[in-house]
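Heads up: the structure comes next, in structure tokens.
Residue indices begin at 1 and follow the sequence shown.
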Amino acid sequence: MSPRPERSGLVVAVDGPSGSGKSSTARGVADRLGLNYLDTGAMYRAMTWALLQRGTDLHDPEAIARAAESIAIRSGTDPRAPTIEVDGQDVSSPIRGADVTANVSLVAAVPQVREMLVRLQRTTIGASSGGIVVEGRDIGSAVAPDAPVKVYLVADPAARAARRAAELGILDPGTTAEDLARRDQIDSTRTASPLAKAPDAVLIDGTHLTLDQVVEAVVELVDDIVREGAS
Ligand code: DC
């Protein structure tokens, strides 16, 4: 589907904690509206994967900052087939591994890594003249504070853990709940761009909604905002 002209250049920021349904929602909205899609969490994961490969000490922020400078990350923005590469290698699968998930918050807390990836994210947003949906933790608050549409998606912890466990094929959502709580704690208390709802973001609680209903709610929001902008 090609973007309707009034939506070109549109930036839709979708933030929220792990397991809130951000990825499926952001991809669904981009697909429905014919927009590009950028998964910024995948970029932090790709950086973490690359640092693990290099044997970098992830408890040493200076070592992380130094090593990160020579790591090239590239994201493909088709919502039906998003890609992520490190130095030209497709890392879509390995970045979902348990070792990356367990360590990504440490890497995402390093200011130099954030500066580097935020720069890349802004370049991708700037190059998406047809409009883009960007998902992460700090998109509405730091990466694209001028985005006309900002959504902060939440769900209650049990629903998030059940969803994440199902995605990962884990039978016990209890361990997933602990892992999510630990990551949320690190992500929301770090000094550099913590997970936070932008004051002008619209809060959507997806606990009792299906994916289609959440996508529909965001599409309606986009339509309302685009219509307001045109009038
Ligand atoms: O959405 P995710 O689980 O793939 O994100 C992986 C990690 O990256 C998560 O622990 C928080 C971090 N992250 C971030 O700090 N800022 C973003 N914009 C996106 C993700």
Side-chain angles (χ1 to χ4, degrees), residues 9 11-18 22-23 26 36-77 82-89 91-92 94-96 99-129 131-152 182-201:
V11 179
V12 180
V14 181
D15 290 301
S18 317
K22 281 188 316 289
S23 293
N36 283 347
Y37 160 73
L38 181 64
D39 175 359
T40 62
M43 299 169 82
Y44 288 95
R45 285 174 178 274
M47 182 60 83
T48 306
W49 177 85
L51 293 166
L52 285 167
Q53 289 288 304
R54 285 160 176 72
T56 308
D57 176 3
L58 298 188
H59 292 280
D60 179 350
E62 282 176 18
I64 292 179
R66 263 194 316 275
E69 279 175 23
S70 61
I71 295 169
I73 291 176
R74 234 175 99 129
S75 310
T77 56
T83 55
I84 180 92
E85 290 175 9
V86 170
D87 298 329
Q89 180 185 349
V91 292
S92 316
I95 64 164
R96 303 294 158 194
D99 50 346
V100 170
T101 301
N103 286 294
V104 63
S105 291
L106 293 173
V107 174
V110 176
Q112 290 92 333
V113 168
R114 302 202 71 82
E115 276 163 31
M116 191 182 144
L117 295 184
V118 167
R119 216 177 305 126
L120 264 179
Q121 290 156 17
R122 288 185 176 146
T123 302
T124 305
I125 293 169
S128 293
S129 53
I132 187 164
V133 182
V134 188
E135 67 150 295
R137 303 291 191 292
D138 60 342
I139 309 306
S141 57
V143 176
D146 297 331
V149 184
K150 296 183 189 178
V151 172
Y152 193 79
R182 194 180 54 81
R183 278 213 285 152
D184 284 355
Q185 165 70 13
I186 304 178
D187 293 340
S188 51
T189 54
R190 69 174 174 233
T191 323
S193 307
L195 165 68
K197 176 184 170 299
D200 53 346

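Contact record, I64 with L58: CD1-O, 3.6 Å, taken as the closest heavy-atom pair. The two atoms that bring V100 and P94 nearest to each other are CG2-O, 3.7 Å, heavy atoms only. Summarising the geometry of V113 relative to M47, their closest heavy-atom pair is CG1-CG, 4.2 Å, with the distance given to 0.1 Å. For the pair Y152 and P17, the tightest heavy-atom approach, listed with the atom from each and the gap, is OH-CD, 4.1 Å. The minimum heavy-atom distance linking I84 with A42 is given by the pair CD1-O, 3.9 Å. Between D15 and S141 the shortest heavy-atom distance is OD2-N, 4.5 Å.
In this structure, CZ in R137 is found 3.5 Å from NZ in K22, a value given to the nearest 0.5 Å. With rounding to the nearest 0.5 Å, the separation of OG in S92 from CH2 in W49 is 11.0 Å. With values rounded to the nearest 0.5 angstrom, T124 atom OG1 is found 9.5 Å from N36 atom CG. Rounded to the nearest 0.5 Å, atoms CG (L120) and OG1 (T40) are 11.5 Å apart. Remark: D87 CG to I71 CD1 distance equals 7.0 Å, nearest 0.5 Å. Between N103 atom CG and T48 atom OG1 the span is 7.0 Å, to the nearest 0.5 Å.
Residue pairs meeting the side chain to side chain donor-acceptor pair (under 3.5 Å) criterion with at least one member in residues 57-76: none, sequence neighbours excluded. Pairs of residues two or more places apart, or lying in two chains, that qualify as side chain to side chain donor-acceptor pair (under 3.5 Å) and include a residue from residues 105-122 are Y44-R114, S105-D187, R114-D138.
Applying the side chain to side chain donor-acceptor pair (under 3.5 Å) test to D39 and every residue at least two apart in sequence or in another chain returns R96. R183 meets the side chain to side chain donor-acceptor pair (under 3.5 Å) test with no other residue; sequence neighbours excluded. The side chain to side chain donor-acceptor pair (under 3.5 Å) search around R182 returns D179, not counting sequence neighbours. Qualifying side chain to side chain donor-acceptor pair (under 3.5 Å) partners for S23, counting only residues two or more places apart in sequence or in other chains: E135.
Each of V143, V14, I125 was compared with V134 under the side-chain contact (heavy atoms from CB on, under 4.5 Å) criterion, and only I125 meets it.
For T83 (side chain) and G76 (main-chain N/O), a donor-acceptor pair under 3.5 Å exists by modelled atom type. No side-chain donor-acceptor contact under 3.5 Å links K150 to the backbone of I139.
With contacts defined as side-chain heavy-atom distances shorter than 4.5 Å, the pair L51/V107 qualifies.
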